[in-house]
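Below is one structure, written out as structure tokens, with a few remarks after it.
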Amino acid sequence: MRRLTSAPDRTVRALQWGIAAGTVLFIGAIILWITHLIRTAWRLGDVPSASIGISLVAIPVFLTVLGVGLYVFWGLLTDRSER
Amino acid sequence: MADPADTRDAALLAPIERTGRGFYWTVGLLSLLILWGAVAYWTQFDEGLGVTGLHQPVSWGFYVTNFVFFIGISHAGTLISAILRLSKAEWRRPITRMAEVITVMVLFIGAGQILVDLGRPDRMMNIIRYGRYQSPLLWDATSISAYLTASMIYLYIPMIPDIAILRDRVRKRKLLYSVLAMGWTGSEHQQKVLNRAIAIMAVLVIPIAVSVHTVVSFVFSMTLQPMWRSTIFGPYFVVGAIFSGIAALIVAMLVFRKAYGLHGYLKPIHFRYLGQLLLVMSLLWFYFTFAEYLTAYYGNEPEEMHVFWAKFSGPFWPFFWGMAVTNFVIPVLCLVRLGRHTIGKVLTASLSVTVGMWLERFIIVVPTLSNPRLPFGEGIYFPTWVEWGELAGSFALFALFFVLFTKLFPVISIWEIREGREVGLKEVEERLLTYLPETAEPRHAEPERGW
Amino acid sequence: MRVTRRGFFQAAGGTAGAAALIRGTLAKAQQAGEDLTRWATPEEVPVPSICQQCPGGCGLMVRTLDGEVAGLSGNPLHPINRGALCPKAFGGLQLLYDPNRLKGPMARDGERGRFRPIGWDEALSMLTARLADLRAKGLSHTVAILGGQYRGYRDTLWKRFAEAYGTPNYIRVRCLPPERPALAHQLMQGVTSPLGYDLGEAHFILSFGAGLLEAWLGPVHVSQAFARLRRSGERPRGRFVQVDPRRSPTAVKADRWVPIVPGTDGILALGIANALIREELYDKEFIAQHTFGFEDWVDQRGAHHEGFKNFVLKEYGLLAVSAATGVPVRTILEVARDLGTTKPAMVIGERGTAYGPDDLHTRMAIHSLNALVGSIGVRGGLLIQGELPLSPLRPVQKDEAAARALERPRIDGAGRGQYLLASDAPQALPERILSAKPYPINALLLFATNPLANHPAKEAFAKAFEGIPFIVSFSPFLDESSSRADLILPDHTYLERWQDDQVTHLAGFTCFSLARPATAPLHQTRNTADVVLQIAKALGGTIAKNVPWQKFEDFLHERARGLYEAGRGYVASAPAEESLRKILERQGYWTSEFKSYDEFWAALGKRGAWWDPTGLPVSLEALHTTPSRKFEFYASGLKRLVDEAVKRDGTGEAFVQALGGRDRGDLLYLPAVAIPAVREPGAFPFRLNTYRLMSRPTGGGRNQPWLLEQPAVHVRATWEGWVEIHPKTAAEVGVKGGDWVWVESAKGRIRLKAKLYAGTLPYVIHIPLFGGEGPNPNDLIANETDPFRGFGLLNTTRVRILKA
Amino acid sequence: MALWGMVIDLDRCTGCQACVMACKAENNVPAVGAKEAVRGRIISWMQVLTEEDEEHPGEVKRFLPRPCLQCDDPPCTKVCPVYATYRDPDGIVAQIYARCIGCRFCMAACPYNAKYFNWYRYQKEAPGQNPDVSVRPKGVVEKCTFCHHRLQKARERALAERREVAPGEYVPACAEACPARAIIFGDLSDPGSEVFRLARSPRAFRLLEQLGTKPKVIYLTEGEGRG
């Protein structure tokens, strides 16, 4: 298929990068929220062990999911080669 | 990849191109139910939770049951499609997409049940600002959000090639499809990226799914209430989740098979395999239930037995024995011999299991609350129209999301079907050979294709 | 300076903005000002008052913030309740702030039940004109005053006004006059002042149906005594036996619940007496010296009379008693031995629900047990309530019109013929008003009573009210009776008025409580005592002279001077202070705390009560003012009355008949209760037993949601009335717990929710006198009257149960 | 810090419910009305329970007044997702009505069912209410707070007079109103207090002690025992 370099193509391109950025923002916000919860639990000395335990598991999971998502978006969007 | 002009899979694209009168009828009916749910929730939001049937000892009822039920169904998707992908079962090809869609749709509704159950929904932001990790509800929130993101990505990635096909074949919604197709050209590199991503997600999503329902069970097992505080709740809920997930998946498949005439793709063999999987899960579920009630009965602790007899012979006996029949007796009877009219048997089994699993959640939540440890007196719980409305609204909302999804994207993954047709046969043959003792070990360098 | 158009607009805009800004800040400042006043800490003044929700008369300490009532608590200094309260007291807040209280006087507008608000002057002039007119026509005796549940000087004021005005008909409509001793005590001991039960010091209490820990005379005082009985620390734990057809909360707290056939309490008492005498467990020394009629005796005319001992041994063998009462012989023996061996023991039968027509002899039989165990005049037994040394009132000077009217017989017939010994016979009132015998009633004053709802003969009262041309009600609420009135002059509630209370049945000490108004009246209401004083002044003549006081407060102020000059007793003060004064008094030094009466009155107003803990005539002479100066098993006082009645009007038939008929001879005067023949259950197989609830104030408490919401714990009932049925009986009738059932008697039927409660005899069902909205048990209660005492029998009705 | 606790002598308690009404009057707890009460939504922070008599089924054997037992290891504060209920330094389990989101998890977790919910807007500002206690809005959980506002007032008064809070100065409304003096209140950590002595009486027992919530309301059984 020919390369779509016309004007609408650029908006599509921009939207696609927008989706990628959106995913990063979304998962980033969740991770931020989890760190906020952990800081609160740590500050109040509220059974820190449970909250640390959860964060040690939850944050890496979110990061890997983000990693996979970005890997796909990067892989597809930057691929110049034809089929 | 197959050339775009291939017409063999036209049936899959049909629902996207043309919308029949049936579609509008279903959407009309569903939005009616959703309206009832909305009116119900508005009255509750306006007047307070007093409009429901909840009262002092029984502070949780329909909404929490719905929460556990819908989160349970969400395990259908990723768990089954992930396991089938990992075990490279070829018959999974037409099923995985529907399973993943169920997961994402029903997760939204499941999480929504908690918000409906709140006494002060206007203070929802407190969970964000003053969240407290010691509470199992926060563990729920974390694991459900993880599962939601993971399953959304796990749904989207396999859809990219299909969206690309749509971008090229379908005249409508050009912009949407081209954006979502992420510039898919089907090139070698893109295919490699896609397959590797699906492989990773398939591995990743299983532990998350298991964690979600274990943590949902911790909401009950972390308290000190009789017949809630038991160590078996984690696995018991996960088994229950997979069990009700498969049933829901089968029901969804049959509905769309009839609605969009996908007889060619969803063949009795698929239903026979899923039926057997359902039978295994029914036996496993029965095993867990038997274990839990035997320990309670044998332990003979007074408070536990108070709840136990309330379930067996007390005011909750119809729900308990209803659950036992619908979750064990009917599935086993139907699924043991799937020789003739498989579809009919599998449908009855999975419908009864869906109802049975809702009852099982109800039997876990309400009897314990209505028989408190201290001598309060009988708390009998009768749901009101608000709760029924909310339940109907949730089901209708889930069905509406699903139907709208099928209007936008193909309900069966087209490229996986084509891949199955082209490479599937040859690949399975090679793989079979590797299993036989005579042949040598396969070269590791050979790229795994066609997950 | 050149003003450009733009500059002009900028300036104008600026000023407008500034103005808005300033006005905004002004408004904000004004708002802050308001908040400031609201948040400024209000002046908190504790005001002593008296709780009028039941005859207990506990002292309240009302918390007022800037004159507004904001909370109730017990008056810590008050000797009756020492700071504690029962659940009903807190209903007083909702009574005070009840939104549908009457806002002012109202007069009938057209047919009954429709009212128009009027001013106080117009209302008072209407009432005075009517009373003056009746008095002028010599019909002053046709004015009847119905009084409810109250004591102290409001009662004295009404009595004095009735006497001065010239009407004998001042009738108290209620079951038992708590401030008068039970008739049995009066006949057997001759005492006229009420008895004091020293429950706290007793070691053994046997109670026949008296709901001590529920709605008996003073629940808070009794609960405190019960706590001392159980855990007083320096002596072994007291024992307590409750004889009751129902396992009431009192029976639950008792060590032993003796279920008994209703109405046979007297027979059981005589059975216990039999066991005591046969096993020689009775107090021989007390019987020998201080009783009369125990052994056989011969009177002056040589007639032989059988003594109580032989009579009981002959008639009341344990087998016969057990058959009649349904109490096993072993239980009777065990209770008798307990009663005989534990000292000091006490037997209570007063104010238990009246069961049978022969109530007098039942009470006499129960009271005779007190004599047998010698618990009269003993610490931990029955003491005498001394007299309050209030300054006496001059007797009423009656003008000739009043004197002539007072000779007329009372409308309810109390004090003559059948009701010779009864002070009020409210039960007979409706028929007599209807039949206009001996004369019709032209005017009726209702004070603190609601006969159309809270009286078994409420239908008869309703018909009687139709015939009375002019009815005045002083009720602060629009209830069944006041809605039939022609004129309503609403009274303050007890937190808004001056009031006193002379509480009886205390453990030997006397107490005078004084209440100051805790808050200004919320509506246009007036203290009825002040209204009576105003009417008396308006009527003028001798009436005004007999009742000369300006305000009720002055009347109390004048009366309380007696307490100051009595030379004994104290204004209630902190317990530490009091014990010091008691030690001094025991050594003979009694010093008054105050130098002048005004100081005394101010302290009384601040602390709320005066009491005399030591002034306790415990000498046995004081306890026995009978003709023989002894405790009389054979009530010679009663015999004298019967002989006089026979001499006076030939037959005295009605009086003797009421006692039980001439043929019973000596048994009339002995505590003899006939063993009833076993009645086979007719169309109405079950017996109805009504009981009072601890959480239900006098007048029903319809406007106090707190009390309506949590009435009874043992059946987990709320808001609606209920009927307690034994599960076996319920099964026979096919009723499950929580079902609606029809309870039907010969008189009527009501629909109630069934509560299964096994703590009862199978054939007895129990309905609380609920007093709220909904079905009223008074629709069921047969209109039976105690022939001798003139009040309604609440528990002789026979009913049946049908599934609703 | 003081460890406020309560001893309830079941031998003295007559089940008269004065404590229940005193608590409602003091803390502006509303009467929920006939329809709501029949549906089992009565809010009564102190509630008198009745235990059945084993020998005579269907009859009542014992009255058991049950306030919030202010546990030292409260199962309810662990499960609250928004820190709306917590054990404050005085040992009293407090409830923040402004933060509670009404998820009712604490109601399900409390083994004594000492938490109550405002299903409707039962309470309005009304004359005669106690200004020291705020009225609770709709959709919020509320519970017995040992009349915490009385502790604050006692502490303020003590501060103003530069002295320690005297032992008898802070007493909750139920203990003050109980006619049989069955409810004794005090500081469990002060060896001189009555509560401390009675907590070690041979008759003392704690409700559902086996759950390990360490309740600070100790009950004394009926019967002959001394103390």
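By convention in this document, chain letters (A, B, ...) are assigned in the order of the sequence lines, proteins followed by strands, and residues within each chain are numbered from 1.
For A:I34, the parts lying near chain B are the backbone and the side chain together; criterion is any non-hydrogen pair under 4.5 Å. At a 4.5 Å heavy-atom cutoff, the contact between A:F62 and chain B is made by side-chain atoms alone. At a 4.5 Å heavy-atom cutoff, the contact between B:M201 and chain A is made by side-chain atoms alone.
Within residues 203-211 of chain B, the residues having any heavy atom under 4.5 Å from a heavy atom of chain A are, by residue number, B:L204, B:I208. Among the residues in residues 145-157 of chain B, those with a non-hydrogen atom closer than 4.5 angstrom to a non-hydrogen atom of chain A are B:S145, B:A146, B:T149, B:A150, B:I153, B:Y156, B:I157.
Tested against B:M182 for a side chain to side chain contact (heavy atoms under 4.5 Å, CB included), the candidates A:V12, A:V72, A:L76 yield a single pass: A:L76.
Note: A:T11 OG1 to B:L175 CG = 6.0 Å, rounded to the nearest 0.5 Å. Note that the OH atom of B:Y130 and the OG1 atom of A:T40 stand 10.5 Å from one another [nearest 0.5 Å]. In this structure, B:Y133 OH and A:H36 NE2 are separated by 11.0 Å, a value rounded to the nearest 0.5 Å. If you take CD1 on B:I128 and CG on A:L37, they are separated by 8.0 Å, rounding to the nearest 0.5 Å.
A 6.0 Å sphere centred on CH2 of A:W17 holds more than 12 heavy atoms belonging to other residues, nucleotides or ligands. Annotation for B:R173: atom CZ counts as buried by contact number, over 12 foreign heavy atoms lying within 6.0 Å.
Ranked by heavy-atom pairs shorter than 4.5 Å toward chain A, the options B:T142, B:V193, B:L194, B:I200 are led by B:V193.
Counting all heavy atoms, side chain and backbone alike, B:A141 lies closest to A:W33 at CB-CH2, 3.8 Å.
A donor-acceptor pair is defined here as one N or O able to donate and one able to accept, closer than 3.5 Å; such a pair exists between the side chain of A:Q16 and the backbone of B:S178.
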